[in-house]
2 protein chains.
Amino acid sequence: MATSVVTPFKHADHDHGHCVDDALAQAERQCRQRGVRLTPIRRRVLELIWNGHAPVKAYDLLDRLRAERRSAAPPTVYRALDFLLEEGLIHRIESLNAYIGCGSPAHPHVGQFLICEQCHAVAELDDNDVHRVLSAKAGELGFLVSSQTIEINGLCPLCRDPSPGTATGSASG
Amino acid sequence: MATSVVTPFKHADHDHGHCVDDALAQAERQCRQRGVRLTPIRRRVLELIWNGHAPVKAYDLLDRLRAERRSAAPPTVYRALDFLLEEGLIHRIESLNAYIGCGSPAHPHVGQFLICEQCHAVAELDDNDVHRVLSAKAGELGFLVSSQTIEINGLCPLCRDPSPGTATGSASG
DNA sequence: TTCCCTGTGCAACACTATAACATGCGAGTG
DNA sequence: CACTCGCATGTTATAGTGTTGCACAGGGAA
Ligand SMILES: [Zn+2]
Ligand SMILES: [Zn+2]
Ligand SMILES: [Zn+2]
Ligand SMILES: [Zn+2]
């Protein structure tokens with residue numbers, strides 16, 4: 001009955017280089033195994049998304065891409081996003097029109113997201129109890145569940161009870 | 001522990017005139033009580049949304065409004081939608097960029113939606129068990145919930161097991 | 001009357017996403 | 001080697017969604 005946490009809230013001083021390196025290494029491995037191509041553009045977009053633990057908007061990605069690659073245009077970033085979504089390497093946050101890295105891309109799933117309204121940090125769950133209760137309630141109405149969008153807004157632990165000296169204005173570490 | 005159903009899936013032959021009349025009468029009453037103005041535009045937008053039990057897009061509303069009121073423009077419909085959302089008379093479906101009437105506007109709440117991928121019918125729940133399990137899981141991570149977006153996709157009873165002669169291509173009745 | 005508040009009209013714009021077609025480029029094949 | 005097939009990218013344009021800013025109208029309060 002334990003909550004299955006895919007991506008927890010990170011402490012401000014965690015080693016974020018590891019988050020990014022791990023995510024990219026895992027993506028490389030997974031794409032190689034599946035015989036799909038993590039091209040430079042796709043890899044770079046994934047890296048930009050993983051720069052923080054907060055959702056990133058498509059046109060922000062585009063701005064950053066254009067700084068390095070003059071030819072970048074909306075299709076450039078949307079194609080990369082489509083690929084990454086397809087491969088389960090990122091998720092889309094519907095209520096924000098934004099995208100965030102998946103902490104467990106190896107097995108396909110739809111995440112459940114906790115979104116901090118103050119610092120914009122996001123934690124991802126993939127919790128069976130949640131799936132179960134929703135499927136049960138849906139089943140009572142004769143509804144057959146195929147996918148879920150679950151996005152919870154509120155305050156993360158740091159913003160809820162900030163300790164002195166703790167930064168709360170950003171999730172980019 | 002019963003599921004609290006705000007708006008169930010409707011049978012194809014239900015008396016939809018009642019749905020609309022009840023919703024408008026309830027809205028009139030509620031706005032009068034609160035001292036806010038259900039102006040003709042706002043009332044008409046609410047009526048257009050209630051024309052079916054499926055989500056309606058803002059620019060579809062705009063098209064229909066413009067047919068009756070040449071001056072209608074995007075702000076016309078978005079202002080009406082803002083008002084109706086504020087008063088709890090409608091909900092926004094984030095995953096569809098669309099809006100649907102609320103079956104229980106009297107007390108403020110965030111709905112949980114079951115969305116049929118085939119006929120686009122929507123049922124609304126406001127279920128305490130769902131709230132409870134999500135709040136509990138969030139609480140385990142120290143997260144304080146303030147609002148939720150819960151949108152479940154799948155097949156409604158009619159589309160899941162269509163009987164002969166039963167229409168399944170529309171939710172507009 | 002004058003003032004103020006709210007709702008609406010109107011024009012332009014910002015943001016999000018897709019369509020359609022051209023180009024490049026590398027893997028396989030004869 | 002030439003050939004071509006498939007996929008990724010480049011390029012331009014357009015569709016879809018939502019907001020800003022300011023002007024104007026009406027009704028109630030001072
Ligand atoms: Zn990190
Ligand atoms: Zn926070
Ligand atoms: Zn009805
Ligand atoms: Zn259906």
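Per chain, numbering begins at 1; letters A, B, ... match sequence-line order.
- A distance below 6.0 Å separates the ring centres of B:His14 and B:His53.
- In terms of phosphate contacts, B:Arg92 brings a side-chain nitrogen or oxygen within less than 4.0 Å of OP1 or OP2 of D:dG18.
- With respect to the salt-bridge test (charged N to carboxylate O, under 4.0 angstrom), the residues B:Glu87 and B:Arg42 do not qualify.
- Electrostatic pairing of B:Asp129 and B:Arg132 counts as a salt bridge here, judged by a charged N lying under 4.0 Å from a carboxylate O.
- Under 4.0 angstrom from either OP1 or OP2 of C:dT8 there lies at least one side-chain N or O belonging to B:Thr39.
- Per the geometry, CG belonging to B:Asn97 stands 10 Å off C1' belonging to C:dA17, to the nearest Å.
- Between the CZ atom of B:Arg34 and the C1' atom of C:dT6 there is a distance of 19 Å, rounded to whole Å.
- Between the CG atom of B:Leu61 and the C1' atom of D:dG16 there is a distance of 14 Å, rounded to whole Å.
- Side-chain N/O atoms of B:Lys57 include one lying less than 4.0 angstrom from OP1 or OP2 on D:dT17.
- Where A:Ala73 and A:Phe83 each meet DNA chain D at their nearest nucleotide, the meeting point lying more 5' is that of A:Phe83.
- Between B:Phe113 and B:His91, the angle of the ring planes goes over 60°, which puts this pair in the perpendicular group of the 30/60° scheme.
- Comparing C:dG9, C:dC10, D:dG10 by their nearest atom to the side chain of A:Thr76 picks out D:dG10.
- Straight-line distance from the CD atom of A:Glu94 to the C1' atom of D:dT17: 14 Å, rounded to whole Å.
- A 4.5 Å side-chain heavy-atom check between A:Thr7 and A:Ile100 finds every atom pair outside the cut-off.
- Counting non-hydrogen atoms under 4.0 angstrom, A:Arg37 reaches the backbone sugars and phosphates but no base.
- Taking atom CG of residue B:Leu85 and atom C1' of nucleotide D:dT19, one finds them 15 Å apart after rounding to whole Å.
- Mapping B:Arg70 and B:Arg42 onto DNA chain C by nearest heavy atom places B:Arg42 closer to the 5' end of the strand.
- The shortest distance between the side-chain N/O atoms of B:Arg69 and the OP1/OP2 oxygens of C:dG9 is below 4.0 Å.
- For C:dT18, neither phosphate oxygen OP1 nor OP2 lies less than 4.0 angstrom from any side-chain nitrogen or oxygen of A:Tyr78.
- Remark: the B:Arg79 side chain and the C:dG9 base include a donor-acceptor N/O pair separated by less than 3.5 Å.
- At whole-Å resolution of the value, CG in A:Leu62 and P in D:dG10 are 12 Å apart.
- The nearest whole Å value for the distance from the OH atom in A:Tyr99 to the P atom in C:dC15 is 16 Å.
- If you measure from atom CG of A:Leu81 to atom P of C:dA17, you get 9 Å, rounded to the nearest angstrom.
- The ring of A:Tyr59 lies on top of the base of C:dT16, close enough and flat enough: under 5.5 Å between centres, under 30° between planes.
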